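In this text the structure is predicted, and so the values were computed from the model without any measurement. The residues of the chain are indexed from 1 along the displayed sequence.
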Amino acid sequence: MGQIYMDHAATTAVRREVAEAMKPFFTSKFGNSSSVYDLGREARRGLDQARDKIFKLLGAERAEEIIFTSGGSEANNLAIKGVAWAYANKGKHIITSSIEHPAVLDTANWLTQFGFELTVLPVDEYGLVDSQKVASALRPDTILVSIMHANNEIGTIQPISEIGKIVRQHGALFHTDAVQTAGSLDLDVDELNVDLLSISAHKFYGPKGVGALYVRRGVRLEPLIHGGAQEKRRRAGTENVAGIVGMATALELAQTERKVESARLTKLRDKLIKGLQIIPDTKVNGDLENRLSNNVNVCFKYIEGESLLLNLDLKGIAASSGSACTSGSLDPSHVLLAMGLSHEIAHGSLRLTLGRENTEADVDYLLEVVPEIVERLRAMSPLYQ
Ligand SMILES: *Cc1c(COP(=O)(O)O)cnc(C)c1O
């Protein structure tokens, strides 16, 4: 039996159609998109078409509002540092939440050594940010608010449109990390009331190492990477044309299939949650309604997430405990702790994120295997009984 991959929030496989669309840009159309001869123009056409697709899919106004980056982490860094440095003379206060991805939290924290002030908003027990808390945290010197669209560990979807309205009325800029929602929710930058939005191709069946930052017209950004005039001087470096073409193809496909696929995944997700809930001393994490269609996150009391993962691996199941960035360390997830879970319970967390290749048979297999493993690990645990 092959591996059952249930870690789609960590990364996804490149779709065949995406790989096909990318191929010519490695070989026959390999030119530098800044060159004036035909080979360069061919690459430029691929790049321009990809930018057009992406700005339209995001509901943006113009192609220039898209800056291509090396992924979600760079897009988040560019949004936060770029705005911070460009608007430092206006104010130095930034607001974010306690459950952001490290690419947002660490970036915002890093800025505090240069005199920027940071407010990190708490979340409730479901991982939701309260828009009224955002309203009360805004100050005259607030230049930027960054709240993620949906959380990568627990799948909770934030009221971004509502928060955006509050932030806009106040006159600050609003960024959202939409890396987990691109391809799975409808992204419209106007409906979401955002000024900046990050996406990453490898989370929606595109290639790794490529992403984009949407930047609303009129928003100033200090670049992170200096050099050539690419991306209207906001991000130097020869464009990753193949990757960018792959990202546009992947986003277009995901958008077309979104409704049908998300309904299918929701069914599998709910079956999985229901089945796992039967195991005694189990807690489902996150909000059951405002939730990504592919996310399951549970804590099994009295066991360690790490041993659970190793045992699942032996049964051919690829899953995660907390996020990929923190597994390997012994710290429990900062997201679960922010939701008020104790260290002991947070240690026994399991994240299963479904995707295109998963079937109902996979879910049934999991529901057969997980209870057995949990029972066996508990029998060996000194914490149990
Ligand atoms: C994966 C992820 C990132 C980082 O994106 P990379 O392309 O891997 O750098 C940022 N934010 C969220 C919510 C993610 O899930």
Side-chain angles (χ1 to χ4, degrees), residues 1-11 98-103 105-106 123-127 151-156 180 268-269 271-288 291-292 294-355 358 362-385:
M1 188 181 207
Q3 273 245 326
I4 294 181
Y5 185 74
M6 288 212 184
D7 203 15
H8 291 81
T11 196
S98 52
I99 59 160
E100 299 297 311
H101 188 275
L105 268 180
D106 289 359
V123 293
D124 69 10
E125 60 180 307
Y126 304 105
N151 183 269
N152 46 304
E153 294 185 34
I154 50 167
T156 302
Q180 285 295 330
L268 296 183
R269 175 197 74 186
K271 182 170 187 183
L272 202 43
I273 291 179
K274 233 174 162 179
L276 293 175
Q277 251 174 338
I278 298 172
I279 302 174
D281 292 311
T282 298
K283 184 181 180 311
V284 178
N285 300 311
D287 190 304
L288 284 177
R291 189 184 197 97
L292 289 175
N294 75 337
N295 177 287
V296 176
N297 190 310
V298 292
C299 284
F300 302 111
K301 254 181 166 173
Y302 313 115
I303 63 174
E304 286 283 340
E306 293 297 314
S307 23
L308 182 56
L309 291 189
L310 293 175
N311 278 276
L312 285 171
D313 184 31
L314 290 174
K315 295 279 188 187
I317 298 162
S320 129
S321 176
S323 70
C325 318
T326 49
S327 48
S329 86
L330 282 174
D331 293 335
S333 140
H334 71 287
V335 175
L336 297 179
L337 294 181
M339 290 158 64
L341 270 69
S342 68
H343 273 69
E344 294 93 295
I345 295 182
H347 264 305
S349 79
L350 172 67
R351 180 186 75 180
L352 301 164
T353 42
L354 300 156
N358 293 134
D362 294 347
V363 169
D364 292 338
Y365 178 65
L366 245 97
L367 290 177
E368 190 186 304
V369 166
V370 176
E372 275 170 25
I373 297 175
V374 170
E375 197 176 332
R376 190 150 37 79
L377 290 176
R378 279 180 178 167
M380 299 188 301
S381 164
L383 300 168
Y384 197 53
Q385 35 252 320

Main-chain N/O of D287 paired with R291 side-chain donor or acceptor, under 3.5 Å:
yes
Evaluate side chain to side chain contact (heavy atoms under 4.5 Å, CB included) for K271 paired with D364, printing each intermediate quantity in order.
CA-CA 9 Å; K271 182 170 187 183; D364 292 338; 2.8 Å; yes
Locate the shortest heavy-atom distance separating L292 from N151; write the atom from each residue and the value.
CD1-O, 4.1 Å
Do D313 side-chain atoms and L309 backbone N/O form a donor-acceptor pair below 3.5 Å?
no
Measure the CD1-CG distance between I345 and D281 for me, rounded to the nearest 0.5 Å.
9.0 Å
Please give me the minimum heavy-atom distance between N358 and Y5, naming the atom from each residue.
ND2-O, 3.1 Å
Which pair of heavy atoms, one from I154 and one from N295, lies closest together, and at what distance?
O-OD1, 3.1 Å
Grab the two heavy atoms, one from S307 and one from N311, that are nearest each other, plus how far apart they are.
O-ND2, 2.7 Å
Starting at OG of S320, measure out to CD of E153 and round the result to the nearest 0.5 Å.
7.5 Å
So does Q277 get a backbone contact from the side chain of T282, meaning a donor-acceptor N/O pair under 3.5 Å?
no
Working for side chain to side chain contact (heavy atoms under 4.5 Å, CB included), residues L354 and M6:
CA-CA 5 Å; L354 300 156; M6 288 212 184; 3.7 Å; yes
Is a donor on one side and an acceptor on the other found under 3.5 Å between the side chain of N297 and the backbone of G286?
no
Taken to the nearest 0.5 Å, the spacing of S381 OG from R376 CZ works out to 13.5 Å
Side chain to side chain contact (heavy atoms under 4.5 Å, CB included) for F300 and L377? Distances and angles first, verdict last.
CA-CA 10 Å; F300 302 111; L377 290 176; over 6 Å; no
To the nearest 0.5 Å, atom CD1 of I4 lies from atom OH of Y365 at 6.0 Å
S321 side chain to G305 main-chain N or O, any donor-acceptor pair under 3.5 Å?
no
Under 3.5 Å donor-acceptor, S98 side chain and A338 backbone:
no
So, does T156 use its side chain to make a donor-acceptor pair with the main chain of Y126 at under 3.5 Å?
yes
Spacing of CG belonging to N285 relative to SG belonging to C299, to within rounding of 0.5 Å
4.0 Å
Non-hydrogen atoms of I273 and V284 that approach each other most closely:
CG2-CG2, 3.9 Å
As a quick check of understanding, evaluate side chain to side chain contact (heavy atoms under 4.5 Å, CB included) for V363 and R269, giving each step before the final call.
CA-CA 8 Å; V363 169; R269 175 197 74 186; over 6 Å; no
Looking only at non-hydrogen atoms, find the nearest pair between Y384 and R378 and report the distance.
CB-O, 3.4 Å
Between atom NE2 of H101 and atom CG of D106, what is the distance when rounded to the nearest 0.5 Å?
9.5 Å
Is there a side-chain contact between L276 and L352, using heavy atoms and a 4.5 Å cut-off?
yes
